[in-house]
Novice: 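First the structure, then my questions, so here it is.
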2 protein chains.
Amino acid sequence: MSSSDTKQQILDAAEQLFGEEGFTSTSLRAITGAAGVNLAAVNYHFGSKSELAKAVISRHLVPLNQERLRRLDACEKNAKGTASLEEVVASFLGPALDLAREDKQTAGVTRLLGRIYSEQPPFIGELFADEFQDLVERFLHAIEACLPELDRSVVFWRMHFMVGSMAHTLCTNNLLTLFSSGHCSMQDIDEVTQQMVTFVAAGMRAPVISKVEGSR
Amino acid sequence: MSSSDTKQQILDAAEQLFGEEGFTSTSLRAITGAAGVNLAAVNYHFGSKSELAKAVISRHLVPLNQERLRRLDACEKNAKGTASLEEVVASFLGPALDLAREDKQTAGVTRLLGRIYSEQPPFIGELFADEFQDLVERFLHAIEACLPELDRSVVFWRMHFMVGSMAHTLCTNNLLTLFSSGHCSMQDIDEVTQQMVTFVAAGMRAPVISKVEGSR
DNA sequence: GTCTATATCCTGATAGAC
DNA sequence: GTCTATCAGGATATAGAC
């Protein structure tokens, strides 16, 4: 087995297992066992478990965010200026949900990416700031262009809710299938995307003042 | 220290640490150390780490869901029939966000509850089904009463997105503060609740058909 | 580059004295 | 009920032969 093969095998197995079990619950033994390589290979190729995890994540996160920006660019260019809100939202959500296409059963990449946001392993801080800072900025401005009447803080909140809807859907599709008694599933990614974009875009467009009067 | 004191100390410390580090990353030694009790006390009082985790979760989850149903009942009664969509949504989200009120700094209960949805430790299956099944059903019908034109599967999807927005907000408030450069924070829970209810209710009301035309 | 063998440490759980 | 001491196993990481 060549060097790059071994590295690849480790990355694939780690991605799968991290997605299924989480970072801390997944041992290097499990990873190297599934990959069919020696235990010591992880430390040789990656240095540590944390570095392996970073490599697994950025292998998908970097292209994902590039694709998001590519789609945003494309629809802004297409619209000769301001893209529609649905297009902007779909540029953000679509590429993430696309990852779930070939991933239905295995739940590897998909759950992994959903997990990142909530598990937030300590080593991930730097990677996060680097990788998301300008993505957030680009989408912030694109959304503000669509909804100029909104305060910036409101736009931030709504982007936060958008990410939440996405992460939760990527991460816990089994919960949905359970509670919906089979009404909903991740079988048809196009439909999920449609549902999510519709919901999020409508939420983004909500007028700023709304009654919340509860009944305590 | 009395028996019930020890049990309580363990529950408090476990709640805190589970919320900060997650289930698997938190050792019994860390818990008993923080609680100031003996290591063996966990197994004496709870039987195992899993049973302790279940106790920690249900201690907050059961009252939380009771409060949700109480508020739903109250606003349905108040409206003499169908409550407004905002009221229904606030009945679900409000009690969860209220937990974050006294919890700003420590991030104990709050992150714990946010985490449950995504970490999904194996032992939690039964507790989940028992605890959420009829809650979901009650809110499903309440929302359907507000939005009779929607298919049931669409309502399920939108409830799923609602839960995602909530869980992500409870779990990753530090991310929001980071990316929004301080524009948003969890300091003012009433404002967060307002923002979330507005967003979710508007998303729920979205017409079923909506253009998603991307630009690939 | 890949392997075996091992060092070092930490985990959950328990037995048994008090 | 609470403690000490310990078991048995699994964790990451590394040293050194090939």
Side-chain angles (χ1 to χ4, degrees), chain A residues 1-57 59 112 115 119-127, chain B residues 1-59 112 115-116 119-127:
Chain A
M1 194 182 292
S2 87
S3 164
S4 71
D5 266 356
T6 298
K7 231 173 149 174
Q8 210 63 30
Q9 300 277 1
I10 293 173
L11 283 170
D12 290 342
E15 166 182 312
Q16 177 76 21
L17 290 168
F18 283 154
E20 286 170 8
E21 311 285 340
F23 292 96
T24 45
S25 306
T26 303
S27 69
L28 293 183
R29 281 174 170 79
I31 293 169
T32 52
V37 305
N38 189 272
L39 172 60
V42 167
N43 275 280
Y44 177 79
H45 285 285
F46 297 94
S48 72
K49 188 186 181 184
S50 296
E51 289 301 313
L52 169 61
K54 277 200 224 172
V56 170
I57 291 166
R59 179 168 72 142
L112 177 65
R115 252 177 212 281
E119 191 165 344
Q120 291 189 74
F123 54 81
I124 215 145
E126 341 142 21
L127 197 151
Chain B
M1 192 182 293
S2 87
S3 163
S4 70
D5 266 357
T6 299
K7 230 174 149 175
Q8 210 62 31
Q9 299 276 2
I10 293 173
L11 282 171
D12 290 341
E15 166 182 312
Q16 178 76 21
L17 290 168
F18 283 155
E20 285 170 8
E21 311 284 341
F23 293 96
T24 45
S25 305
T26 303
S27 69
L28 294 183
R29 283 174 169 80
I31 293 169
T32 52
V37 305
N38 189 271
L39 171 61
V42 167
N43 275 281
Y44 177 80
H45 286 284
F46 297 93
S48 71
K49 187 186 182 185
S50 296
E51 289 301 315
L52 168 61
K54 278 200 223 173
V56 170
I57 291 167
S58 51
R59 179 167 72 141
L112 177 64
R115 251 180 214 279
I116 298 172
E119 191 164 344
Q120 292 189 74
F123 55 82
I124 216 146
E126 342 142 21
L127 197 150

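Protein chains get the first letters and strands the later ones, always in sequence-line order, with residue 1 at the start of each.
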Novice: Can you list, in residue-number order, the parts of residues 40-49 of chain A that come under 4.0 Å of DNA chain D, counting heavy atoms only?
Specialist: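 The stretch gives Ala40(A), Asn43(A), Ser48(A), Lys49(A) as the residues lying under 4.0 Å from the strand, ordered by number.
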
Novice: Between Thr32(B) (side chain only) and Arg29(B) (backbone N and O only), is there a donor and an acceptor less than 3.5 Å apart?
Specialist: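 Yes, the answer is positive, given that a donor and an acceptor are paired below the 3.5 Å cut-off.
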
Novice: Atom CD of Gln9(B) and atom P of dG1(D): how far apart are they, to the nearest Å?
Specialist: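 Taking atom P of dG1(D) as the reference, CD of Gln9(B) is at 16 Å.
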
Novice: Counting just side-chain N and O atoms, does Asn38(A) come under 4.0 Å of either OP1 or OP2 of dT4(C)?
Specialist: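 Yes, Asn38(A) has a side-chain N/O under 4.0 Å of OP1/OP2 on dT4(C).
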
Novice: Taking salt bridge (Lys or Arg N to Asp or Glu O under 4.0 Å) as the definition, give me every residue that meets it alongside Lys54(B), ordered by chain and number, with sequence neighbours left out.
Specialist: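 Lys54(B) satisfies salt bridge (Lys or Arg N to Asp or Glu O under 4.0 Å) with Glu51(B), Glu126(B) once adjacent residues are dropped.
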
Novice: Return the value, rounded to whole Å, for the distance between atom CZ of Arg29(B) and atom C1' of dA5(D).
Specialist: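 It is 11 Å, rounded to the nearest whole Å.
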
Novice: Let me know the distance between CG of Leu39(A) and C1' of dA11(D), rounded to the nearest Å.
Specialist: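 Answer to the nearest Å: 10 Å.
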
Novice: Please classify the nucleic acid contact of Ser50(A) as base, sugar-phosphate, or nothing, using heavy-atom distances under 4.0 Å.
Specialist: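 Answer is nothing: Ser50(A) stays at 4.0 Å or more from every strand.
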
Novice: State the CZ-CG distance between Phe23(B) and Leu17(B), to the nearest 0.5 angstrom.
Specialist: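 Atom-to-atom, Phe23(B):CZ and Leu17(B):CG are 12.0 Å apart.
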
Novice: Across the strands shown, which category fits Ser25(B) at heavy-atom distances under 4.0 angstrom: base, sugar-phosphate, nothing?
Specialist: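 No contact at all - Ser25(B) keeps every heavy atom at 4.0 Å or more from the nucleic acid.
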
Novice: Whole angstroms only, please: what is the CG-C1' distance between Leu28(A) and dT14(D)?
Specialist: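 It is 13 Å, rounded to the nearest whole Å.
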
Novice: Does Lys7(B) qualify as a cation-pi partner of Phe46(B), given the criterion of NZ or CZ under 6.0 Å from the six-membered ring centre and within 45 degrees of its axis?
Specialist: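 Relative to the ring axis of Phe46(B), which defines the angle, Lys7(B) lies inside both limits.
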
Novice: Would you check if Leu11(B) and Leu52(B) make a side-chain contact, meaning some heavy-atom pair closer than 4.5 Å?
Specialist: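 SC-SC contact between Leu11(B) and Leu52(B) confirmed.
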
Novice: Given dT2(C), is OP1 or OP2 found less than 4.0 Å from the side-chain N or O atoms of Thr6(A)?
Specialist: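 Checking Thr6(A) against dT2(C): at least one side-chain N or O falls below 4.0 Å of OP1 or OP2.
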
Novice: In terms of side-chain geometry, is the basic nitrogen of Asp12(A) or Arg59(A) positioned less than 4.0 Å from the acidic oxygen of its partner?
Specialist: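 Result for this pair is yes, salt bridge flagged.
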
Novice: Is the phosphate of dT11(C) approached by Ser27(B) (side-chain N or O, under 4.0 Å from OP1 or OP2)?
Specialist: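 Yes, because at least one side-chain N or O of Ser27(B) sits under 4.0 Å from OP1 or OP2 of dT11(C).
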
Novice: Just the rounded figure in Å: distance from C1' of dA11(D) to CG of Leu52(A).
Specialist: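 Atom CG in Leu52(A) sits about 15 Å away from atom C1' in dA11(D).
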
